[in-house]
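A note on names: the letters A, B, ... follow the listed sequences, proteins ahead of strands, and every chain is numbered from 1.
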Amino acid sequence: MTDFAVRLLDWFDQQGRKDLPWQQDITPYRVWVSEVMLQQTQVPIVIPYYARFMARFPTINSLAVATEDEVLHEWTGLGYYARARNLHATAKEIMSAFNGDFPDTLEALVSLRGIGRSTAGAIIAICTGERATILDANVKRLLSRCFAIDGLPGSSATERLLWEKAEQLTPAERVSDYTQAIMDLGAMICTRTSPDCAVCPFTEDCIARVTRSINRYPARRPAKSLPVKTTTMLVVQNPEGAVLLQKRPRNGLWGGLWGFPECELNGLEQFLVQHHLSLKQQNHLSGFRHSFTHFHLDIELIQVLVMDAEPCVAEPNSVCWYDPHDPAKIGLTRPVSKIMGELAETTQQTLGIN
DNA sequence: AAGCCGGGGAA
DNA sequence: TTCCCAGGCTT
């Protein structure tokens with residue numbers, strides 16, 4: 001065992017986290033779900049989602065037989081919705097192609113949708129205790145500082161260096177604890193801003209620390225200005241107060257979720273004709289900006305009150321009336337969940353004036 | 001190799 | 001505001 005691993009494990013025994021929800025009653029299924037939820041998502045955000053998800057889908061079979069709408073319903077608000085679709089698809093595949101038994105080799109795991117090299121390594125290390133390596137953002141930040149790896153984040157050269165170092169440091173014993181330990185040190189001590197070097201077991205060895213250049217590691221990714229896009233979303237309500245939602249394409253932004261219909265700037269009339277709806281009243285609601293990692297979306301909102309009618313559409317599976325008082329268990333885009341919450345407070349008055 | 005995919009917390 | 005997070009997939 002490397003000196004690095006010995007000291008890290010010693011720190012973990014005293015300071016590491018042992019009470020996280022997915023550290024209790026460890027099964028491959030529970031670890032898998034947690035690892036996928038934790039991709040690009042921090043622990044405090046995941047905890048409530050994980051509790052609800054495991055309550056609703058306690059076994060891999062319960063997940064496999066669920067509808068995709070309901071899986072996305074439990075994922076609503078968590079982001080990166082391809083994770084939920086891949087999770088669902090992989091649950092089905094494990095039930096059908098693996099007899100319901102979770103694969104326990106790196107190769108088999110990586111072949112599954114939504115499981116890459118790092119997530120596969122985490123599952124192996126935590127569930128089997130076999131030697132396997134992870135490389136998540138915590139580990140990358142820690143190794144970048146300790147060993148002064150300052151290449152561009154995401155570049156293949158940097159990735160190769162980091163994987164090489166991570167593999168080299170991974171011990172053959174206590175692999176599960178080591179895996180948790182290196183993530184804990186990164187998340188709790190070697191944080192992105194103002195790391196607590198005073199209590200870090202590697203404070204004397206960390207090259208970034210010793211050379212007083214912590215803020216140079218990991219290297220900043222080059223800033224780029226985000227494009228701004230605009231759209232108009234329609235909050236179409238029938239006399240009962242139900243709201244018209246459209247299912248979004250499986251691929252792309254908010255894939256598989258249900259969102260407000262969108263139209264061109266003056267495309268409301270065309271929209272109404274298209275869906276055989278007759279306008280009763282329209283109001284401009286205050287718009288807002290929704291920001292993504294790769295662009296800003298400026299959203300205009302038009303509340304459209306219509307006569308009681310079934311929307312006539314080519315594909316009935318892609319449109320629904322969403323009743324806030326009896327909400328369907330489907331995945332909602334952030335604008336929908338946000339506006340539904342706000343609408344609940346004012347909809348009574350709005351409908352009352354008609 | 002680079003782009004795409006969310007939402008929220010931190011500063 | 002900007003930056004980034006228990007990454008992986010697509011092009």
S.K.: Between dG6(B) and dT11(C), how far apart are the P atoms? Round to whole Å, please.
M.R.: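 Each nucleotide's P atom is 15 Å from the other's.
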
S.K.: Side chains of Asn138(A) and Ile182(A), heavy atoms from C-beta outward: is any pair under 4.5 Å?
M.R.: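 Asn138(A) does not reach Ile182(A) side chain to side chain.
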
S.K.: Is it the case that the ring center of Tyr29(A) lies less than 6.0 angstrom away from the ring center of Trp22(A)?
M.R.: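 For Trp22(A) and Tyr29(A), the ring centres are not under 6.0 Å apart.
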
S.K.: Quick check on DNA chain B: between Gln42(A) and Asn251(A), whose nearest nucleotide comes earlier from the 5' end?
M.R.: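 Nearer the 5' end of the strand: Asn251(A).
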
S.K.: Check each residue of residues 185-194 of chain A for a non-hydrogen atom within less than 4.0 Å of any atom in DNA chain B, then write out the ones that pass by number, or none.
M.R.: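 Heavy-atom contacts with DNA chain B come from Arg192(A), Thr193(A).
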
S.K.: Check DNA chain B against residues 289-302 of chain A and give the residues with a non-hydrogen atom under 4.0 Å, in numerical order.
M.R.: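 His290(A), Phe292(A), Thr293(A), His294(A), in order of number.
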
S.K.: Using modelled atom types and a 3.5 Å cut-off, is there a donor and acceptor pairing between side-chain atoms of Thr133(A) and backbone atoms of Thr170(A)?
M.R.: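 Checking the backbone N and O of Thr170(A) against the side chain of Thr133(A), no donor-acceptor pair under 3.5 Å is found.
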
S.K.: Please determine if a side-chain N or O atom of Arg221(A) lies less than 4.0 Å away from the OP1 or OP2 oxygen of dT2(C).
M.R.: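 No, because none of the side-chain N or O atoms of Arg221(A) sits under 4.0 Å from OP1 or OP2 of dT2(C).
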
S.K.: With heavy atoms under 4.0 Å as the rule, sort Gln40(A) into base, sugar-phosphate or nothing.
M.R.: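 It contacts base atoms.
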
S.K.: Go through residues 130-165 of chain A and report each residue with a non-hydrogen atom lying under 4.0 Å from DNA chain C, sorted by number.
M.R.: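 Here the set is Asp136(A), Ala137(A), Asn138(A), Arg141(A).
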
S.K.: Please determine if Lys140(A) and Glu159(A) form a salt bridge, counting it only when a charged side-chain N lies under 4.0 Å from a carboxylate O.
M.R.: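 Glu159(A) and Lys140(A): salt-bridged.
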
S.K.: Please collect all side chain to side chain donor-acceptor pair (under 3.5 Å) contacts where either partner lies in residues 40-53 of chain A, sequence neighbours excluded, each pair once.
M.R.: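 Side chain to side chain donor-acceptor pair (under 3.5 Å) check on residues 40-53 of chain A returns Thr41(A)-Arg83(A).
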
S.K.: Heavy atoms, side chains only, cut-off 4.5 Å: are Leu20(A) and Ser34(A) in contact?
M.R.: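 No, every pair of side-chain atoms sits at 4.5 Å or beyond.
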
S.K.: Any Lys/Arg nitrogen of Arg56(A) or Glu70(A) sitting under 4.0 Å from an Asp/Glu carboxylate oxygen of the other?
M.R.: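 Salt bridge between Arg56(A) and Glu70(A), a charged N being under 4.0 Å from a carboxylate O: yes.
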
S.K.: Only one of Lys329(A), Arg250(A), Lys247(A) forms a salt bridge (charged side-chain N to carboxylate O under 4.0 Å, His left out) with Asp69(A), so which one is it?
M.R.: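 Testing each of Lys329(A), Arg250(A), Lys247(A) against Asp69(A), the sole residue satisfying salt bridge (charged side-chain N to carboxylate O under 4.0 Å, His left out) is Lys247(A).
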
S.K.: On a whole-Å scale, what distance lies between the C1' atoms belonging to dG9(B) and dG8(C)?
M.R.: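 It works out to 23 Å between them.
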
S.K.: How many whole angstroms separate atom CG of Asn215(A) from atom C1' of dC3(C)?
M.R.: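 It works out to 15 Å between those atoms.
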
S.K.: Within this structure, what is the CZ-to-P distance between Arg85(A) and dG8(C), rounded to whole angstrom?
M.R.: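 Answer to the nearest Å: 16 Å.
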
S.K.: For nucleotides 9-11 of chain C, give me every protein contact, N/O to N/O, under 3.5 Å, one pair per line with atom names.
M.R.:
{"residue": "dC9(C)", "atom": "OP1", "partner": "Gly114(A)", "partner atom": "N", "Å": "2.8"}

S.K.: When the ring centroid of His290(A) is compared with that of Phe292(A), is the distance short of 6.0 Å?
M.R.: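 Yes; Phe292(A) has its ring centre under 6.0 Å from that of His290(A).
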
S.K.: Hey, would you say the Tyr322(A) and Trp258(A) ring centroids sit under 6.0 Å apart?
M.R.: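 For Tyr322(A) and Trp258(A), the ring centres are not under 6.0 Å apart.
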
S.K.: Given that Thr119(A) and Pro218(A) both sit by DNA chain C, which one's nearest nucleotide is further toward the 5' end?
M.R.: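 Whichever sits nearer the 5' end wins; that is Pro218(A).
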
S.K.: Is the distance between the ring centroids of Phe12(A) and Tyr178(A) under 6.0 Å?
M.R.: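 No - the distance between ring centres of Phe12(A) and Tyr178(A) does not fall below the 6.0 Å cut-off.
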
S.K.: At under 4.0 Å between heavy atoms, what does Trp22(A) touch on the DNA or RNA strands: base, sugar-phosphate, or nothing?
M.R.: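 It contacts base atoms.
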
S.K.: Looking only at the side chains, is there a donor atom on one of Gln282(A) and Gln303(A) sitting less than 3.5 Å from an acceptor on the other?
M.R.: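 Side chains of Gln282(A) and Gln303(A): no pair found under 3.5 Å.
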
S.K.: Using a heavy-atom cut-off of 4.0 Å across all strands, would you classify Thr41(A) as base, sugar-phosphate, or nothing?
M.R.: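 Base: the residue Thr41(A), judged by heavy atoms under 4.0 Å, touches a nucleobase.
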
S.K.: May I ask you to decide whether Arg174(A) forms a salt bridge with Asp13(A), counting only side-chain N to carboxylate O separations under 4.0 Å?
M.R.: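 Asp13(A) and Arg174(A): salt-bridged.
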
S.K.: With a 4.0 Å cut-off, would you call Arg160(A) and Glu164(A) a salt bridge?
M.R.: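 Result for this pair is no, no salt bridge flagged.
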
S.K.: Taking any atom closer than 4.0 angstrom to a non-hydrogen atom of chain A, what span of DNA chain B does the protein reach, first nucleotide to last?
M.R.: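 First-to-last contact on DNA chain B, by the 4.0 Å heavy-atom rule, is dA1(B) to dA11(B).
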
S.K.: In whole angstrom, what separates Leu87(A)'s CG from dG7(C)'s P?
M.R.: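 For the pair Leu87(A) CG and dG7(C) P, the rounded distance is 16 Å.
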
S.K.: Can you confirm whether or not the ring centre of His275(A) sits under 6.0 Å from the ring centre of Phe271(A)?
M.R.: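 Ring-ring flag for His275(A)/Phe271(A): true, centres closer than 6.0 Å.
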
S.K.: Between Asp298(A) and Lys229(A), does at least one N-O distance fall below 4.0 Å, as a salt bridge requires?
M.R.: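 No salt bridge links Asp298(A) with Lys229(A).
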
